[in-house]
Amino acid sequence: MNPLHIYNSLSKKKEEFVPTNPELVGLYVCGPTVYSDVHLGNCRSFTSFDVVYRYLMYKGYKVRYVRNITDAGHLVGDADIGAEDKMAKTAKALKLEPMEVAHKYTVGFHHMMDKFNNLPPNIEPRATGHITEQIKMVQDILDNGYAYEVDGSVYFDTVKFAQEKDVYGQLSGRNLDDMLSESRELKNQGEKKHSADFAIWIRAEENTLQKWDSPWGEGFPGWHLECSAMSTKYLGSKFDIHGGGEDLKFPHHENEIAQNCGACGTMPVKYWMHGDMLLLNGKKMSKSIDPETGKSNSIMPEELFSGNNEIFTKGYSPMVVRFFMLMAHYRSTLDLSDDALAAAEKGYYKLMEGNKTLQELVYNGAEALTVEDKEVNDLMDQALVDMDDDFNTPKALSRLFPLVNKINSFKSGHIALNTISASTLERLQKVFKEFLFDIFGLMDETAAAADKDGAVLDGLMNLIMDIRKDARAKKDWGTSDQIRDQLNALKIRLKDSKEGTTWSLEK
RNA sequence: GGUGAUGUAGCAUAGCGGCCUAAUGCACUGCUCUGCAAAAGCAGUAUUCGGGGGUUCGAAUCCCCCCAUCACCUCCA
């Protein structure tokens with residue numbers, strides 16, 4: 001097996017992936033805060049790590065994939081100036097229980113993950129279900145002297161931690177001296193000793209909706225803490241891969257490391273992975289409102305699928321969007337535009353049609369091997385090497401398309417099929433399918449439904465194609481073209497070839 | 001202001017010291033196929049990688065300067 005290399009955000013280098021425990025790889029990905037619908041940018045991140053998860057399994061690793069749901073503690077502003085919890089804010093606005101808000105958006109999130117064909121994680125823990133664990137972690141950090149309590153709230157002592165352990169700032173590349181000197185000038189620090197400190201337990205006010213008993217009185221856990229506590233619980237105090245969006249590097253992941261170190265004394269994660277942002281109009285997609293335009297620079301997945309939006313001329317299906325995401329490396333920004341999506345749509349159909357053609361190829365005659373055999377095998381090998389190189393999906397895809405050309409040539413007879421060996425064809429059929437569906441996680445949206453409706457459609461299409469065939473035999477081009485053009489308007493494409501006519505449905 | 005990225009054909013992305021007179025998808029042009037198309041195949045389309053210097057036998061890839069864009073700096077995947 002080729003070694004897998006992963007770019008580690010902590011060392012800023014590609015490193016060979018050597019799991020701590022080869023029997024069970026631990027993968028933790030920061031999930032959503034369920035206070036509103038996920039936007040497309042969120043979906044890119046989860047899709048990137050879905051490919052990571054899939055490829056690890058493809059390489060034969062047994063993986064425990066943990067992705068949390070944050071349903072408490074995520075504040076709109078800073079804790080020590082009385083900022084509001086995001087969940088509570090939505091709950092009040094919609095006149096719902098916080099639990100209702102969490103449930104509503106969790107269901108929506110799962111639905112969207114299904115649409116993108118992202119596999120569910122093995123464990124999806126929620127913050128509110130792990131209050132005891134979080135309280136214990138706060139206590140551990142206090143016991144180790146890296147936190148202090150002020151009037152029912154507990155703050156992480158970033159300064160002390162930074163002075164004693166040479167860890168803080170490492171992930172986000174922050175110069176701590178700058179941070180410390182800079183913030184000395186700041187006033188209005190509230191209860192915190194230092195502005196770089198952050199709340200790990202927050203005192204509840206009378207109107208706080210979600211609160212729990214703790215040794216420090218009623219309160220709720222701080223953002224960052226849930227990830228530390230839950231990753232430790234399910235993956236141990238040291239695990240392999242932690243993923244999330246680039247924008248979580250600081251403060252979220254930096255503080256997560258600090259909490260884990262502060263509680264357990266060890267660096268929690270071997271490989272940190274960060275996906276870059278999805279751009280819209282050249283800017284980061286984000287839900288927050290731009291003060292200049294008064295709008296948020298984002299699009300909801302459903303709006304993109306349906307075409308019901310002001311940005312794009314038409315809708316693009318979930319698999320087209322997934323394919324579009326695969327066309328860029330996860331560590332690069334990806335710019336969303338009509339042209340780019342239209343290109344992805346064509347490419348996606350080409351791949352799917354290529355696979356269908358490939359699976360229908362039947363080997364016949366004696367082998368008469370040529371250089372073709374090596375070329376086909378090399379392309380497959382290279383695609384796998386590309387994936388081993390930090391999950392380089394765009395590079396791997398660039399190997400698959402030349403294979404589609406070969407496949408179509410085999411079908412048309414432009415290249416004789418027996419120029420590759422029977423076993424090469426078998427391998428191609430297997431590997432190509434694995435790439436599309438197991439590794440890239442695509443689904444074939446062009447496949448006719450295998451239910452009653454699908455059978456009816458098949459029957460109707462056969463009838464129509466028979467009528468057209470008769471018309472063509474009589475050189476009745478008017479009827480023939482009418483059938484072709486009107487089906488085309490229904491997005492049913494007829495493909496004439498020497499062997500006869502086939503059809504496919506574009507969505 | 002601090003920190004970190006990026007700038008590759010019309011568009012979106014790969015490549016990150018010699019395999020690059022630059023790869024993939026889309027778009028575009030020509031040819032084959034076709035009744036005409038579509039689909040498919042083949043060929044072509046950047047003598048060149050933001051601009052200018054430098055290092056090197058050799059640079060899209062390394063260094064310096066400039067220009068432009070983006071991200072993070074306690075809301076964000």
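Just so we're on the same page: letters track the sequence lines, and every chain starts at 1.
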Can you tabulate the close N/O pairs, meaning under 3.5 Å, that link protein atoms to atoms of nucleotides 16-18 of chain B?
none

ask   = What's the spacing between N2(A) CG and L4(A) CG if we round to 0.5 Å?
value = 9.5 Å
inquiry  = I want to check something: taking the side chain as every heavy atom from C-beta on, are L209(A) and P98(A) in contact at a cut-off of under 4.5 Å?
reply    = yes
remark   = Readout for nucleotides 25-38 of chain B: B = base within 4.0 Å of protein heavy atom, S = sugar-phosphate only, - = neither; 5' to 3' it is BSS-------BBBB
key: Ring geometry between W272(A) and H274(A) (parallel below 30°, tilted from 30 to 60°, perpendicular above 60°)   = parallel
message = Does this structure show an ion pair linking D381(A) with R399(A), if we count only N-O contacts that are shorter than 4.0 Å?
response = no
task = Measure the distance from CG on L351(A) to P on rA40(B) and round it to the nearest whole Å.
result = 12 Å
task = Return the residues of residues 41-52 of chain A meeting this criterion: a heavy atom under 4.0 Å from some atom of RNA chain B. Order them by number, or give none.
result = G41(A), N42(A), S45(A)
inquiry  = Below 30° counts as parallel, above 60° as perpendicular, anything between as tilted: where do the rings of H224(A) and H252(A) land?
reply    = tilted
inquiry  = Salt bridge check, R468(A) against D496(A): does any charged N sit closer than 4.0 Å to a carboxylate O?
reply    = yes
query = With side chains defined as the heavy atoms from C-beta onward, is the minimum distance between C43(A) and R322(A) less than 4.5 Å?
reply = no
inquiry  = Using a 4.0 Å heavy-atom cut-off, does K283(A) contact any base of the nucleic acid, only the sugar-phosphate backbone, or nothing at all?
reply    = sugar-phosphate
request  = Would you classify T333(A) as touching base, sugar-phosphate or nothing, given that sugar-phosphate means primed atoms plus P, OP1 and OP2, and contacts are heavy atoms under 4.0 Å?
outcome  = sugar-phosphate
task = If rC28(B) has a Watson-Crick or G-U wobble mate with both distances under 3.5 Å, name it; if not, just say none.
result = rG44(B)
message = Over all strands shown, is G243(A) touching base, sugar-phosphate only, or nothing at heavy-atom distances under 4.0 angstrom?
response = nothing
task = Please give the nucleotide sitting opposite rC72(B) as a Watson-Crick or G-U wobble pair, both distances under 3.5 Å, or none.
result = rG2(B)
ask   = Do the ring centers of H242(A) and Y271(A) come within less than 6.0 Å of each other?
value = no
Verdict with reasoning, F156(A) to F161(A), per ring pair (Phe, Tyr, Trp, His ring centres under 6.0 Å) = CA-CA 8 Å; F156(A) 192 90; F161(A) 177 75; 5.3 Å; yes
query = What's the CG-C1' distance between D247(A) and rA5(B), to the nearest Å?
reply = 14 Å
query = Which part of the nucleic acid does S409(A) contact within heavy-atom distance under 4.0 Å: base, sugar-phosphate only, or nothing?
reply = sugar-phosphate
Pair D378(A) + K374(A): basic N to acidic O under 4.0 Å = yes
ask   = In terms of the nearest nucleotide of RNA chain B, which residue is placed more toward the 5' end: P32(A) or K284(A)?
value = K284(A)
ask   = Does the side chain of M387(A) reach to within under 4.5 Å of the side chain of F435(A), using non-hydrogen atoms?
value = yes
ask   = What interatomic distance, in whole Å, is found between C1' of rU55(B) and the corresponding atom of rA46(B)?
value = 26 Å
ask   = Looking for any heavy atom pair under 4.0 Å, which part of the strands does H252(A) touch: base, sugar-phosphate only, or nothing?
value = nothing
message = Could you tell me how far apart L278(A) (CG) and rA12(B) (P) are, to the nearest whole angstrom?
response = 13 Å
ask   = Side chain of N408(A): nearest nucleotide among rA77(B), rG41(B), rA14(B)?
value = rG41(B)
task = Name the nucleic acid region contacted by H329(A), choosing base, sugar-phosphate or nothing; use a 4.0 angstrom heavy-atom cut-off, strictly under.
result = sugar-phosphate
note = Here the pair of heavy atoms bringing H39(A) nearest to N42(A) is N-OD1, 2.8 Å
inquiry  = With rounding to the closest Å, how many angstrom separate the C1' atoms on rA71(B) and rG58(B)?
reply    = 35 Å
message = Base, sugar-phosphate or nothing for L334(A)? Non-hydrogen atoms, less than 4.0 Å.
response = sugar-phosphate
